[in-house]
Amino acid sequence: MAVHLSGIQPSGLLHLGNYFGAIRQHVALSEQKGEHFYFIADYHALTSSRDPEALRSYIRETAITYLALGLDGDSACLFRQSDVPEVTEIAWLLGTVAGMGLLERATSYKDKIAKGLKPSVGLFTYPVLMASDILAYGSDIVPVGKDQAQHVEMAQDMAASFNAAFDAEVFRRPEMLLSEEKSSRKVPGLDGQKMSKSYDNTIWLFETGKPLRKALNRIVTDSRPPTEPKNPDELLLFDLLHLFLDDGELQQLKTSVREGGEGAPGYGDLKNRLAEGIEDWFAPAREKRELLLADTGEVDRILARGGEVARERAASVRDRALEASGLR
RNA sequence: AGGGCAGUAGCUCAAUUGGCAGAGCAGCUGAUUCCAAAUCAGCAGGUUGAGGGUUCAAGUCCUUCCUGCCCUGCCA
């Protein structure tokens with residue numbers, strides 16, 4: 001049975017980019033045959049977090065978000081990375097076969113350095129821990145976005161290096177599943193760049209009402225009046241609208257914007273429509289979230305069970321690695 | 001490890017011989033706008049890396065420590 005693995009960092013509230021770029025696919029995959037491991041990458045989050053209170057709350061919120069969006073916590077294995085200390089043991093073992101050159105080539109690391117970030121050792125060895133995450137459960141399939149593809153390749157390299165070094169088939173080679181972006185354009189943020197927490201241009205999934213509308217106000221527009229005909233395909237707003245509106249309405253709006261004139265919707269109208277679209281889209285999930293927020297025991301139970309299952313799996317992989325390398 | 005330089009608001013920096021900790025940008029609120037942007041008005045933002053000392057008074061002087069960068073070394 002194929003083993004699927006996905007992880008997400010609890011470094012903030014999850015936003016539309018997270019949803020359309022990853023979470024939606026994760027939840028869809030979890031309904032397919034096979035085993036499904038979903039971990040909340042809290043060890044990873046610690047490379048940037050210095051706020052225990054916030055981290056605790058984000059870890060919880062991340063779990064709740066997945067469950068609210070339809071992940072079945074009983075059939076899939078949802079757990080905290082740090083509930084499986086075996087991954088740090090395996091990470092050490094992998095670190096002994098990972099070359100400096102391999103890690104220095106990591107583009108996400110180089111990007112952060114280029115931005116002037118002072119790297120910790122943890123940030124530098126991040127790909128080793130991630131490789132351990134992937135390999136600890138014998139994953140076959142790792143769905144990732146393009147930005148994480150290199151990390152999966154590195155996991156493949158480290159698995160191969162370890163196996164070759166000790167002439168043993170300890171780690172299974174994982175294959176990445178690149179999320180196809182053909183159907184949906186990538187999700188732009190409020191400023192038109194890719195939506196990302198580091199650009200501060202995100203919209204929280206569960207935002208509603210005034211705060212939501214306020215967030216949407218920041219979406220970049222220009223000063224053309226509603227009546228002026230415009231090409232809707234050049235408008236950032238439509239990149240977001242198309243995610244939430246059905247085809248009929250979308251085409252109607254586009255036509256109206258293209259023709260301009262008296263009845264044409266202005267940017268303000270489009271922002272209102274987008275706000276409604278977002279609220280409606282996530283309404284069921286928001287309800288589910290409220291239930292989970294009220295019933296904290298349920299979330300704890302799911303995470304605890306997930307942690308046990310994951311830990312058992314990781315322990316057996318670790319034991320084989322210890323054996324192969326001569327530590328046992 | 002030794003020597004040198006540095007640390008002030010989220011960011012970049014200022015503060016005279018020791019004398020009320022400030023500015024620009026970012027942020028928030030309002031006006032304006034179809035919504036924004038721009039502009040205008042306003043608001044907020046700090047244990048001056050930490051501790052100790054000198055002094056009427058310390059961002060500033062002395063001292064210990066922490067962190068970062070540079071140089072010179074040492075070493076499983």
Side-chain angles (χ1 to χ4, degrees), chain A residues 9 11-13 15-17 45-55 57-58 92-93 95-100 103-104 109-126 187-204 207-245 249-250 252-281 325-327:
Chain A
Q9 248 195 74
S11 51
L13 295 176
H15 53 74
L16 296 182
L46 208 51
T47 57
S48 57
S49 170
R50 292 294 117 100
D51 185 341
E53 198 81 12
L55 183 55
S57 118
Y58 288 145
W92 174 262
L93 300 174
T96 62
V97 299
M100 286 293 286
L103 296 185
E104 279 164 357
Y109 174 74
K110 286 196 294 191
D111 286 350
K112 287 183 173 138
I113 300 303
K115 278 187 199 147
L117 191 138
K118 300 279 183 260
S120 65
V121 174
L123 184 70
F124 182 66
T125 60
Y126 185 111
V187 183
L190 300 171
D191 57 358
Q193 299 186 82
K194 173 188 161 185
M195 187 178 286
S196 162
K197 202 181 138 262
S198 51
Y199 296 144
D200 188 30
N201 63 359
T202 63
I203 301 165
W204 182 40
E207 197 70 90
T208 59
K210 257 203 166 147
L212 174 61
R213 182 49 218 260
K214 206 146 183 109
L216 299 184
N217 278 348
R218 283 179 52 203
I219 294 173
V220 175
T221 62
D222 52 48
S223 53
R224 288 178 289 177
T227 48
E228 184 174 332
K230 294 179 275 286
N231 179 358
D233 296 326
E234 288 170 359
L235 299 181
L236 180 56
L237 263 166
F238 275 96
D239 287 334
L240 289 164
L241 279 168
H242 96 278
L243 296 167
F244 300 98
L245 270 46
E249 185 180 358
L250 192 65
Q252 198 184 323
L253 276 180
K254 282 191 174 184
T255 305
S256 192
V257 164
R258 195 173 285 118
E259 288 171 353
E262 273 315 305
Y267 295 121
D269 300 316
L270 294 175
K271 285 179 180 180
N272 281 331
R273 185 64 194 91
L274 178 58
E276 285 172 31
I278 292 171
E279 287 197 10
D280 290 348
W281 186 278
S325 57
L327 291 171

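Naming convention: chains lettered A, B, ... in sequence-line order (proteins, then strands); numbering from 1 in each chain. These figures come from a predicted structure and were not determined experimentally.
Between the side chain of A:D269 and the backbone N or O of A:G266, at least one donor-acceptor pair lies under 3.5 Å. A:D191 places no side-chain N or O within donor-acceptor distance of the main-chain N or O of A:I219, the cut-off being under 3.5 Å.
Remark: A:E249 engages A:R273 in a salt bridge, criterion side-chain N to carboxylate O under 4.0 Å.
Separating the CG atom of A:D200 from the P atom of B:C11 is a distance of 14 Å, rounded to the nearest angstrom. Taking atom CG on A:D191 and atom P on B:A26, their separation rounds to 14 Å, with Å as the unit.
Annotation: B:A50 and B:C11 have their P atoms spaced 15 Å apart (nearest Å). B:G7 and B:U48 have their P atoms separated by 15 Å, given to the nearest Å. Comparing the C1' positions of B:U63 and B:G27 gives an interatomic distance of 39 Å, to the nearest angstrom. Taking the P atom of each, B:G46 and B:C40 are spaced 26 Å apart, rounded to whole Å. A gap of 13 Å separates the C1' atoms of B:G59 and B:U47, to the nearest Å. Remark: the separation of the P atoms in B:A31 and B:A37 is 13 Å, to the nearest Å. To the nearest whole angstrom, the two P atoms, one in B:G51 and one in B:C13, are 25 Å apart. Atom name P, nucleotides B:A1 and B:U60: the rounded distance is 26 Å, in whole Å.
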At a cut-off of 3.5 Å, list every protein nitrogen or oxygen paired with a nitrogen or oxygen from nucleotides 31-36 of chain B, distance to 0.1 Å.
unit_1: B:C34; atom_1: O2; unit_2: A:Y267; atom_2: N; d: 2.7
unit_1: B:C34; atom_1: O2; unit_2: A:G268; atom_2: N; d: 3.0
unit_1: B:C34; atom_1: N3; unit_2: A:Y267; atom_2: N; d: 3.1
unit_1: B:C34; atom_1: N4; unit_2: A:R224; atom_2: O; d: 2.4
unit_1: B:C35; atom_1: O2'; unit_2: A:R213; atom_2: NH2; d: 3.2
unit_1: B:C35; atom_1: O2'; unit_2: A:N217; atom_2: OD1; d: 2.9
unit_1: B:C35; atom_1: O2'; unit_2: A:K271; atom_2: NZ; d: 3.3
unit_1: B:C35; atom_1: O2; unit_2: A:T221; atom_2: OG1; d: 3.2
unit_1: B:C35; atom_1: O2; unit_2: A:K271; atom_2: NZ; d: 2.7
unit_1: B:C35; atom_1: N3; unit_2: A:T221; atom_2: OG1; d: 2.7
unit_1: B:C35; atom_1: N4; unit_2: A:D222; atom_2: O; d: 2.8
unit_1: B:A36; atom_1: OP1; unit_2: A:N217; atom_2: ND2; d: 2.8
unit_1: B:A36; atom_1: O2'; unit_2: A:N217; atom_2: O; d: 3.4
unit_1: B:A36; atom_1: N3; unit_2: A:T221; atom_2: OG1; d: 3.1

I'd like a list of close polar pairs between nucleotides 41-51 of chain B and the protein, N/O only, cut-off under 3.5 Å.
none

Response to the item:
Each base of RNA chain B marked ( ) or [ ] if paired in-strand (Watson-Crick or G-U under 3.5 Å), | if paired to another strand and . if unpaired gives (((((((..((((.....[..)))).(((((.......))))).....(((((..]....))))))))))))....
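Evaluation of the ring-ring contact (aromatic ring centres under 6.0 Å, His included) rule for A:Y126 yields A:H44, A:H151 as partners, not counting sequence neighbours. Annotation: ring-ring contact (aromatic ring centres under 6.0 Å, His included) contacts of A:Y109 (sequence neighbours excluded): A:F124. Scanning for side chain to side chain contact (heavy atoms under 4.5 Å, CB included) contacts around A:K197 gives A:S11, with sequence neighbours left out.
Checking A:D233, A:N231, A:L250 one by one against A:F238, the side chain to side chain contact (heavy atoms under 4.5 Å, CB included) holds for a single residue, A:L250. Considering A:D222, A:N272, A:N217, A:T221 as possible partners of A:Y267, the one that fulfils the side chain to side chain donor-acceptor pair (under 3.5 Å) test is A:D222.
A:L253 is not listed as a side-chain neighbour of A:P232, based on a closest heavy-atom distance of 4.5 Å or more.
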